[in-house]
Undergrad: 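Have a look at this one.
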Amino acid sequence: MKLRQLGKTDLQVSALCLGTMQFGWTADEDASFATMDAFVAAGGTFLDTADIYSNWMPDHNGGEAEAIIGRWMKARGNRDGLVIATKVRGRMWDGPDGEGLSRAHIERAVEDSLRRLQIETIDLYQCHWPDDDGAIEETLTVFQELIDAGKVRYVGASNYTEAQELSDALRIADERKTARFVSLQPHHNLVHRTEFEDELEAFCLREDLGVIPYSPLAGGFLTGKYRAGSPLPKTMRSFSAKKYMTDEGFAVIDALASIAGERGVSIPAVALAWQLARPAITAPIIGANSPAQLADLLPAVDIDLSDSEVAALDAASA
C-alpha cells in the first residue's frame, strides 16, 4: 500500500487508515484480529481508535477497542511497524474530570490509553472534539508536556468544524510555544462535503495539516448496498444512512456504480479513490468487521480516477 506523509510530521502512514470503532462492538476479538491481520498483510500501517470506543454498549466502559489493539500488537510483535492514533475528550469515568480536555482529564486518560494499548508512546493523540468548557491553552500545554515526556509524538484535532477555531488553536500554540496540531480528522465524504470543503480544506492545505476523514462511506451508504426502491437492510448502520436516501443521494450511487462497473472494482473503492484524489486528504479512515469487507475497500489505493471521472462524481454530489 502506498505511504503518505502526515502533514509536516515525519510519520509515514498508509493511504488508508483502519478505524476501529467496531472492535468489541460489531466485531468480536477474533474478527478484529483477523481484520487487522489482513490490513497489515495488504501494507496497512495506520490504525485509528479512541478511548471511548465502545462505551455506548451495555456493560462496556470504554477502552474496549484500545485493549483489543493492544493484545493484538503484543501477540503479533508488530508495534514498530505501525502508526497508532487515539483520541481523548469523551466521558470515561464519573465526576467533574471524567470528560473534557482539562489537565486532570488528559493526564489520567493518556495513562489509561497507554496501558490498554500496551505501548510506551502514542504516535498521534487527538482531541476527539473541542471542549467549550475548557481553555485550549491548558490543553496544548499538557499535550506539550506529554510530548516532552515521550508519551505522545504528535497531537491532532478531530471534529473541528470551523476554520477560525482551528486557526486560533494553531496561533495560540505558536505564541505559547506549545504542542501544535499536525492533523485534522473531519467528517467528509461524497454526500457530506460542505462542512470540510467550505473553509477547512483550504486551511489544511495552507497550514500543511494532515487530513484523515472519518465516515468516508457515509455510514455504509456509499457501499452501494442501499439502492433506490430497495428495502432498507437490517444492519447496525442502516439508521445513520437513512438521511442520505434521497434522489440526490441515489444519484451519487448511480455515478459511483457507473465508474465501478467500467473499472471492474467495488463501489466503495471508487468512493474512497475520489477522496484520495483530493490534494488535502492524507488517508481516509475505513471500517471493516472482517477481512472480506476490507477486501472491497483496499483496491481504492490503486485507482487513479481520470479528471472526467472526478468531474462526474463532483457533479453528482454537488
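We count residues from 1, following the sequence as given. Just so we're clear, the structure is a prediction, and the values are computed from it rather than from any experiment.
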Undergrad: Strictly distance-based, threshold 3.5 Å: is any side-chain N or O of Asn78 a donor or acceptor partner for the main-chain N or O of Gly81?
TA: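 No; zero donor-acceptor contacts below 3.5 Å.
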Undergrad: Kindly state whether the ring of Tyr226 and the ring of Tyr244 have centres lying under 6.0 angstrom apart.
TA: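 Tyr226 vs Tyr244: aromatic centres not under 6.0 Å.
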Undergrad: Would you give the length of the straight line joining atom CG of Leu16 to atom CG of Leu294, rounded to the nearest 0.5 angstrom?
TA: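 Here the interatomic distance stands at 8.5 Å.
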Undergrad: Is there a path of hydrophobic side-chain contacts, each under 4.5 Å between heavy atoms of I/L/V/M/F/W/Y residues, joining Ile84 to Ile212?
TA: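 In one cluster with Ile212: Ile84, no.
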Undergrad: Take atom CG in Asp94; do more than 12 heavy atoms of anything else shown fall under 6.0 Å from it?
TA: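 No.
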Undergrad: Please determine whether the number of non-hydrogen atoms from other residues, nucleotides or ligands lying under 6.0 Å from atom CD of Glu120 exceeds 12.
TA: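 For Glu120, atom CD is not crowded (no more than 12 foreign heavy atoms under 6.0 Å).
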Undergrad: State plainly whether the residues Asp198 and Arg193 are in salt-bridge range, i.e. N to O under 4.0 Å.
TA: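 Here Asp198 does not pair with Arg193 in a salt bridge, since their nearest N and O are not under 4.0 Å apart.
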Undergrad: Using a 3.5 Å distance criterion without hydrogens, assess whether the side chain of Asn189 forms a donor-acceptor pair with backbone atoms of Ser215.
TA: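 At least one qualifying donor-acceptor pair exists.
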Undergrad: State whether the side chain of Thr35 and the backbone N or O of Ala31 hold a donor-acceptor pair below 3.5 Å, judged by distance alone.
TA: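 Yes; at least one donor-acceptor contact below 3.5 Å.
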Undergrad: Looking only at atom types and distance, does a side-chain atom of Asp131 sit under 3.5 Å from a main-chain N or O of Leu101, one as donor and one as acceptor?
TA: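 Yes.
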Undergrad: Tell me if the CZ atom of Arg91 is crowded by more than 12 foreign heavy atoms within 6.0 Å.
TA: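 Yes.
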Undergrad: If you compare all heavy atoms of Ala42 against all heavy atoms of Leu298, which two are closest, and at what distance to 0.1 Å?
TA: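 So the two residues come closest at CB-CD1, 3.6 Å.
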Undergrad: Is the ring pair His128/Tyr53 parallel, tilted or perpendicular, if the boundaries are 30 and 60 degrees?
TA: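 It falls in the perpendicular class, over 60°.
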Undergrad: Rounded to the nearest 0.5 Å, how far does CZ of Arg180 lie from CD1 of Ile147?
TA: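 Interatomic distance, Ile147 CD1 to Arg180 CZ, rounded to 0.5 Å: 12.5 Å.
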Undergrad: Does any N or O in the side chain of Glu64 come within less than 3.5 Å of the main-chain N or O of Ser54, such that one atom is a donor and the other an acceptor?
TA: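 Judged by distance alone, yes, a pair lies under 3.5 Å.
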Undergrad: Please work out whether the ring planes of Phe250 and Phe221 are parallel, tilted or perpendicular, with thresholds of 30° and 60°.
TA: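 Tilted, since the angle between the ring planes falls between 30° and 60°.
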Undergrad: Is the backbone of Pro268 close enough, under 3.5 Å, to the side chain of Asp296 for a donor and an acceptor to pair up by distance?
TA: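 Checking the backbone N and O of Pro268 against the side chain of Asp296, no donor-acceptor pair under 3.5 Å is found.
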Undergrad: Please assess Glu207 against Lys8 for the test salt bridge (charged side-chain N to carboxylate O under 4.0 Å, His left out), listing each intermediate value before the final yes or no.
TA: CA-CA 9 Å; Glu207 293 291 333; Lys8 296 178 181 178; 5.1 Å; no
Undergrad: Taking only residues two or more places apart in sequence or in another chain, which ones pass side-chain contact (heavy atoms from CB on, under 4.5 Å) with Pro213?
TA: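 By the side-chain contact (heavy atoms from CB on, under 4.5 Å) rule, Pro213 matches Pro186, His188, Val211, Gln275, Ile281, Pro284.
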Undergrad: Which distance, rounded to the nearest 0.5 Å, do you find between the CZ of Arg103 and the OG1 of Thr141?
TA: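 The CZ atom of Arg103 sits 7.0 Å away from the OG1 atom of Thr141.
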Undergrad: Tell me, with the steps shown, if Thr49 and Glu66 meet side chain to side chain donor-acceptor pair (under 3.5 Å).
TA: CA-CA 7 Å; Thr49 191; Glu66 286 184 332; 5.4 Å; no
Undergrad: Should Leu11 and Leu184 be counted in the same cluster of Ile, Leu, Val, Met, Phe, Trp and Tyr side chains packed under 4.5 Å apart?
TA: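 No.
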Undergrad: Relative to each other, are the rings of His187 and Tyr214 parallel, tilted or perpendicular (30° and 60° limits)?
TA: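 If you compare the ring of His187 with that of Tyr214, the planes turn out parallel.
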Undergrad: Please determine if Asp123 and Arg79 form a salt bridge, counting it only when a charged side-chain N lies under 4.0 Å from a carboxylate O.
TA: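 A salt bridge is present here (some side-chain N lies under 4.0 Å from a carboxylate O).
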Undergrad: So for atom CD, which belongs to Glu162, do other residues, nucleotides or ligands contribute more than 12 heavy atoms lying within a distance under 6.0 Å?
TA: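 No, not enclosed.
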Undergrad: At their closest point, which heavy atom of His105 faces which heavy atom of Gly100, and how far apart are they?
TA: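 Looking at all heavy atoms of both residues, the closest pair is CD2-O, 3.0 Å.
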Undergrad: Say whether, by atom type as modelled, one donor and one acceptor occur between the side chain of Glu145 and the main chain of Phe143 under 3.5 angstrom.
TA: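 Not confirmed, Glu145 side chain does not pair with Phe143 backbone.
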Undergrad: Look at the side chain of Gln5 and the backbone N and O of Thr9, then say whether any donor-acceptor pair between them is shorter than 3.5 Å.
TA: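 Such a contact is found between Gln5 side chain and Thr9 backbone.
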Undergrad: Between Trp274 and Asp314, does the side chain to side chain donor-acceptor pair (under 3.5 Å) criterion hold? Intermediate values first, please.
TA: CA-CA 9 Å; Trp274 172 83; Asp314 283 342; 2.9 Å; yes
Undergrad: Do side-chain atoms of Ser158 reach the backbone of Trp129 as a donor and acceptor pair under 3.5 angstrom?
TA: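 No, the answer is negative, given that no donor and acceptor are paired below the 3.5 Å cut-off.
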Undergrad: Treating Arg89 as the side-chain partner and Pro130 as the backbone partner, does any N or O pair qualify as donor plus acceptor under 3.5 Å?
TA: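 Yes.
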Undergrad: For Asn289 and Thr26, test the side chains for any donor-to-acceptor distance below 3.5 angstrom and give the result as yes or no.
TA: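 Looking only at side-chain atoms, Thr26 and Asn289 do form a donor-acceptor pair, the distance falling under 3.5 Å.
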